[in-house]
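First up is the structure itself, then whatever we jot down about it.
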Amino acid sequence: MANNLEVFVVGAGVVGLTTAIRALEAGYKVTIFAEIFPGDPKSIKYTSCWAGANHVSFEGYGAVMHELDRDTRAIFLDLIEEDPLIPVMTRALLTYAQTLDGDEQKQFDHLSRMYPDFRILEASELPEGVVHGAFYTTICVDVPRYLSYLMSRFLAAGGQAFRTTIASLSSLLSVTDRPALEPFPLGSTNSMPSSPVALINCTGLGALTLGDVLDTNMYPTRGETVLIRAPWVDHSMTYYYKNSDVSYIIPRQSGDVIVGGTFQVDDWHPTSRPETVKSIKERGISVYPELLPPGKRENQNINDLDVVEECVGLRTTRKGGLRLEATLLDFEGKTIPVVHNYGHGGGGYQSSWASANRAIELLHASLGTK
Ligand SMILES: Cc1cc2nc3c(=O)[nH]c(=O)nc-3n(C[C@H](O)[C@H](O)[C@H](O)COP(=O)(O)OP(=O)(O)OC[C@H]3O[C@@H](n4cnc5c(N)ncnc54)[C@H](O)[C@@H]3O)c2cc1C
């Protein structure tokens with residue numbers, strides 16, 4: 001139901017787009033402002049384009065994220081049922097561990113509570129070198145297609161967007177000093193937005209440097225992956241090694257497959273490192289030989305992989321967990337509510353819908369609307 005109150009969403013990653021859609025659905029007039037949008041050349045400043053992305057809830061992320069993951073999983077399952085063309089699919093996931101120390105045991109216990117069809121594998125079902133394994137159904141998101149889907153859904157529902165780079169949230173409130181705005185998509189006939197009643201901040205790692213946010217709890221967890229072409233890959237896998245390395249395999253609807261990966265805390269290096277790429281490929285084909293084309297699996301040669309792209313992304317991690325809260329911003333004698341929704345680390349897709357729902361509840365509460 002339209003309330004015609006104008007809201008600005010900053011950020012067009014998976015979190016910003018999903019939140020903007022929910023704000024529109026709640027009746028607000030919504031404008032997105034962002035430096036980078038779906039379909040742009042891939043950038044290290046846009047984490048969403050580098051994600052796997054599947055649904056593997058992390059025990060270490062804490063109770064709030066667990067609830068968001070659980071609720072988002074249910075929403076994704078509904079979306080898949082409602083729209084068979086959505087670039088999101090369910091797939092079997094096998095998870096294996098070479099050791100079962102305290103952390104791995106906790107992760108397996110958590111997974112058993114999160115996924116209804118979770119099942120511990122029998123010893124006879126485990127590959128050599130694996131001491132513990134489980135099966136459950138995950139959700140695999142075809143990231144580039146899904147970001148375009150979200151953008152189209154937002155625009156089709158009446159939202160509008162501008163490309164801009166801002167130094168602070170308050171710069172968007174200034175009538176005289178507003179940063180340069182370019183309609184997105186280029187050529188669209190957007191009306192210049194007037195004064196919003198609230199802002200929603202979905203800037204991911206941008207929150208670290210945004211003038212009136214400066215959230216020094218934000219840091220990157222660098223993830224290198226290799227995107228390969230292997231349309232025959234039919235299930236997802238997570239494989240925990242003795243030395244804490246992890247291999248993960250995520251098929252996409254397009255037939256491309258993400259092979260990961262690394263979790264490098266506070267590492268901003270924006271391009272792939274050859275030795276890491278080699279190791280990801282070697283580990284990948286040793287635990288999942290079907291990454292190689294049929295007929296080329298015997299020799300286990302990484303050069304037989306059909307590589308599409310070497311990828312590096314920076315997970316939007318935050319000390320203390322994600323920031324989902326409302327604050328007030330003082331600007332030129334006015335006070336305006338700001339809802340923050342960022343810092344989802346390695347789980348921004350799998351928590352996106354429930355996180356957006358919470359952000360809209362905070363918005364209603366700040367404005368006294370419903
Ligand atoms: C290798 C890898 C694998 C992953 N796998 C998974 C997975 O399997 N499942 C899962 O759920 N998640 C996964 N993730 C995590 C997921 O990608 C992130 O949690 C999510 O993309 C964060 O989205 P976001 O919208 O908060 O941030 P971003 O995608 O970074 O978007 C930030 C937006 O804010 C804009 N912005 C920022 N600062 C400014 C500014 N000053 N002015 C204007 N605009 C600004 C940017 O332009 C952009 O539009 C993975 C991530 C990586 C790197």
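Nothing here was measured: the structure is a model prediction, and the numbers come from that model. In listed order, ligands and their atoms are each counted from 1.
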To atom 18 (C) of ligand 1, the nearest of Ser168, Gly346, Gly345, Cys311 on a heavy-atom basis is Gly345

Closest protein heavy atom (residue, atom, distance) for atom 44 (N) of ligand 1 = Glu35 N, 3.0 Å

Under 4.0 Å from ligand 1, counting heavy atoms only, is it the side chain of Tyr248, its backbone, both or neither?
-> side chain

Hey, is Gly347 one of the residues with a heavy atom under 4.0 angstrom from ligand 1?
-> yes

Numbered atoms and elements of ligand 1 in range of Ile36, under 4.0 angstrom, heavy atoms = 47 (O), 48 (C), 49 (O)

Is there a donor-acceptor contact under 3.5 Å from the side chain of Gln350 to the main chain of Arg73?
-> no

Identify, by atom number and element, the atoms of ligand 1 in contact range of Val14, meaning under 4.0 Å from any of its heavy atoms.
-> 20 (C), 21 (O), 23 (O), 25 (O)

Remaining members of the apolar cluster that contains Tyr240, side-chain heavy atoms under 4.5 Å | Leu227, Val246, Tyr248, Ile250, Ile258, Phe263, Val308

Has ligand 1 got any nitrogen or oxygen that is less than 3.5 angstrom from a nitrogen or oxygen of Tyr349?
-> yes

Going by atom types only, do Asp142 and Tyr149 share a side-chain donor-acceptor pair under 3.5 Å?
-> no

Look at ligand 1 and say whether Ile166 reaches it with a heavy atom at a distance under 4.0 Å.
-> yes

Kindly assign one of parallel, tilted or perpendicular to the pair Phe76 and Trp353, based on the angle between their ring planes and the thresholds 30° and 60°.
-> perpendicular

Taking only non-hydrogen atoms of Cys202 and a 4.0 Å limit, the atoms of ligand 1 in range are 32 (C), 33 (C), 34 (O)

A student checking ligand 1 against Gly313 at a 4.0 Å heavy-atom cut-off should list atoms 53 (C)

Do His55 and Tyr136 have ring centroids that are under 6.0 Å from one another?
-> no

Under 3.5 Å, is there a donor-acceptor pair linking the side chains of His364 and Tyr28?
-> yes

Considering only heavy atoms of Thr165, which atoms of ligand 1 have at least one such atom less than 4.0 Å away?
-> 42 (N), 43 (C)

What atoms in ligand 1 come closer than 4.0 Å to a heavy atom of Gly13?
-> 25 (O), 29 (O), 31 (O), 33 (C), 49 (O)

Counting each atom of ligand 1 from 1 as listed, which ones have a heavy atom of Trp50 under 4.0 Å away?
-> 1 (C), 2 (C)

Do ligand 1 and Gly348 have nitrogen or oxygen atoms that lie under 3.5 Å from each other?
-> yes

Considering only distance and modelled atom types, tabulate donor-acceptor pairs under 3.5 Å from the side chains of residues 284-292, sequence neighbours left out.
unit_1 : atom_1 : unit_2 : atom_2 : d
Ser286 : OG     : Arg283 : O      : 3.1
Tyr288 : OH     : His235 : N      : 3.4
Tyr288 : OH     : His235 : O      : 2.8
Tyr288 : OH     : His235 : ND1    : 3.3

Which is closest to atom 3 (C) of ligand 1 by heavy-atom distance: Gly52, Pro220, Gly223?
-> Gly52

Is there a donor in the side chain of Asp103 and an acceptor in the side chain of Gln107, or the other way round, less than 3.5 Å apart?
-> no

Mind checking the CZ-CE spacing from Arg70 to Met114? Nearest 0.5 Å is all I need.
-> 4.5 Å

Above 12 or not: heavy atoms from other molecules or residues under 6.0 Å from NZ of Lys42?
-> yes

Are Val277 and Ile249 connected in the hydrophobic side-chain network, where two residues link if heavy atoms are under 4.5 Å apart?
-> yes

Could you find the nearest protein heavy atom to atom 36 (N) of ligand 1 and give me its residue, atom name and distance?
-> Thr203 CG2, 4.1 Å

Near Leu210, which atoms of ligand 1 are under 4.0 Å from a heavy atom of that residue?
-> 41 (N)

Mind checking whether Tyr46 has a heavy atom under 4.0 Å from ligand 1?
-> yes

Is there a donor-acceptor pair under 3.5 Å between the side chain of Ser152 and the backbone N or O of Ser148?
-> yes

Between Gly206 and ligand 1, does any nitrogen or oxygen pair lie at a separation below 3.5 Å?
-> no

Report yes if Thr47 has an N/O atom closer than 3.5 Å to an N/O atom of ligand 1; otherwise report no.
-> yes

